[in-house]
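In what follows, a structure is listed as structure tokens, so that the remarks can point back to it.
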Amino acid sequence: MSERIQNKETDETNGEATVSPEAAKPEKLHTDRRHSARQTMVMLVIIGLLVMVTIVSLVYYRRQTREFLQPQAEKITYERHYAFVGDRSNSFLQAVYEAAYQAGTENGAYVEFTGRELESAYTTEKLLKIAMASDVDGIILNADMNNELIEEINEAEAQGIPVVCIGTENYGSSRKTFIGISNYALGQEYGKLIAAQSNGKEQQVLILKSPDERVSSQNLVVSGMVDYINKAGLSGEFSFSSQTAGDETMFSAAESVTDVFAAEERPSILVCLDEIATTAACQAIVDANLVGDTTVFGFYMNDTIRNAISKQIISATVTVSPVLFGRNAVKCLDTYIKEGFVTEYVPIDIEVVSGDNLDAYIRSVREMDTVGEREAEDE
């Protein structure tokens with residue numbers, strides 16, 4: 001006992017404290033953890049620096065590559081900024097916009113499809129407000145007839161922004177120009193097609209109206225075709241009825257057309273007044289195995305409609321050129337801005353395409369861009 005006390009006194013006298021191995025373990029573990037954390041932090045910093053260097057190198061490489069491949073490229077500048085306002089889901093309007101954009105590029109104007117990149121769909125009135133707030137030089141508008149839109153068009157005029165309406169008119173507004181077709185003349189073309197089906201027997205004609213178009217404009221189409229039949233002395237052979245095809249979606253239009261072909265009393269002739277119903281009819285008549293039993297006349301042209309005509313699934317379609325709509329819209333805005341006036345109405349020709357002239361129609365479409373480029377060079 002006395003020896004242990006003496007040893008302890010000796011250790012304290014020498015200024016040293018004796019620590020057991022078990023007591024030293026926690027301190028060593030804490031030191032190791034701090035060392036490991038420092039190593040991890042250093043590694044993360046090194047990795048971050050490597051990533052940054054890689055990104056900077058890639059950006060520099062792409063920039064140098066572009067400069068090497070396009071040494072003479074120059075930044076494109078525009079003299080005028082036009083807004084295109086319409087339904088971004090409508091394939092016809094998309095084609096019109098592409099033509100307007102190309103025409104604008106050729107003539108120093110940038111044409112922007114207002115709202116096309118937005119996540120939410122906005123009403124035409126709100127899109128028109130967005131265009132005006134963007135301080136554009138002109139507006140190309142696919143209008144309809146309502147008081148709020150008339151007020152917005154008039155407000156654009158008050159701000160010195162000319163508005164060109166395409167496809168559908170907006171009566172009572174201060175728009176500068178309307179570019180479109182005569183709905184009555186469109187009906188007359190359908191009347192000619194219907195009259196050609198005369199066989200001395202009574203035939204039922206069903207007209208599928210578009211839910212996206214104004215009632216008054218489609219009524220003019222119906223009047224045109226009925227008047228043609230009456231003047232041709234065929235009123236006793238054809239009876240007309242009409243209904244709306246769905247609610248602007250392909251699914252609902254397909255349901256409407258399928259119901260037509262599934263009914264006990266099917267029409268002898270089906271007239272579709274919009275692209276969606278026509279496209280749906282091309283498939284529905286095949287599914288119902290009624291090709292050749294019901295004659296289908298459509299509206300507009302796309303790949304499905306073109307293939308259906310070439311295979312004689314549908315008889316014909318009445319169409320217009322989106323290229324002419326787009327190019328004329330830009331031309332009218334350019335003319336008004338440069339000269340201070342422009343014609344109030346620009347008519348667009350209606351074309352009937354059937355199996356007889358399908359190849360010629362395809363060739364004319366292919367040549368359209370070339371003609372437009374020559375016109376731009378002449379100007």
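- Under the 4.5 Å side-chain criterion, counting only non-hydrogen atoms from C-beta, Glu112 is not in contact with Glu117.
- Annotation: side chain of Arg306 is in contact with side chain of Ile362 (closest heavy-atom distance under 4.5 Å).
- The closest side-chain heavy-atom distance from Leu358 to Met301 is below 4.5 Å.
- One finds a salt bridge joining Arg175 and Glu169 here, because a Lys/Arg side-chain nitrogen approaches an Asp/Glu carboxylate oxygen to under 4.0 Å.
- Judged as a salt bridge (Lys or Arg N to Asp or Glu O under 4.0 Å), and not counting sequence neighbours, Asp359 has no contacts.
- Checked against salt bridge (Lys or Arg N to Asp or Glu O under 4.0 Å), Arg88 has no partners two or more places apart in sequence or in another chain.
- Side chains of Ser91 and Asn302 form no contact here, defined as non-hydrogen atoms less than 4.5 Å apart.
- Ring geometry, Tyr78 versus Tyr110: the interplanar angle falls from 30° to 60°, so the pair is classed tilted.
- Residues passing the side chain to side chain contact (heavy atoms under 4.5 Å, CB included) test with Asp293 are Leu290, sequence neighbours excluded.
- Taking 4.5 Å as the limit, some side-chain heavy atom of Phe261 sits within range of a side-chain heavy atom of Ile285.
- Side-chain contact between Phe238 and Ser198: present, with at least one pair of heavy atoms (C-beta onward) separated by less than 4.5 Å.
- Residues Lys338 and Glu79 are not paired through a salt bridge, judged by the lack of any N-O separation under 4.0 Å between the basic side chain and the carboxylate.
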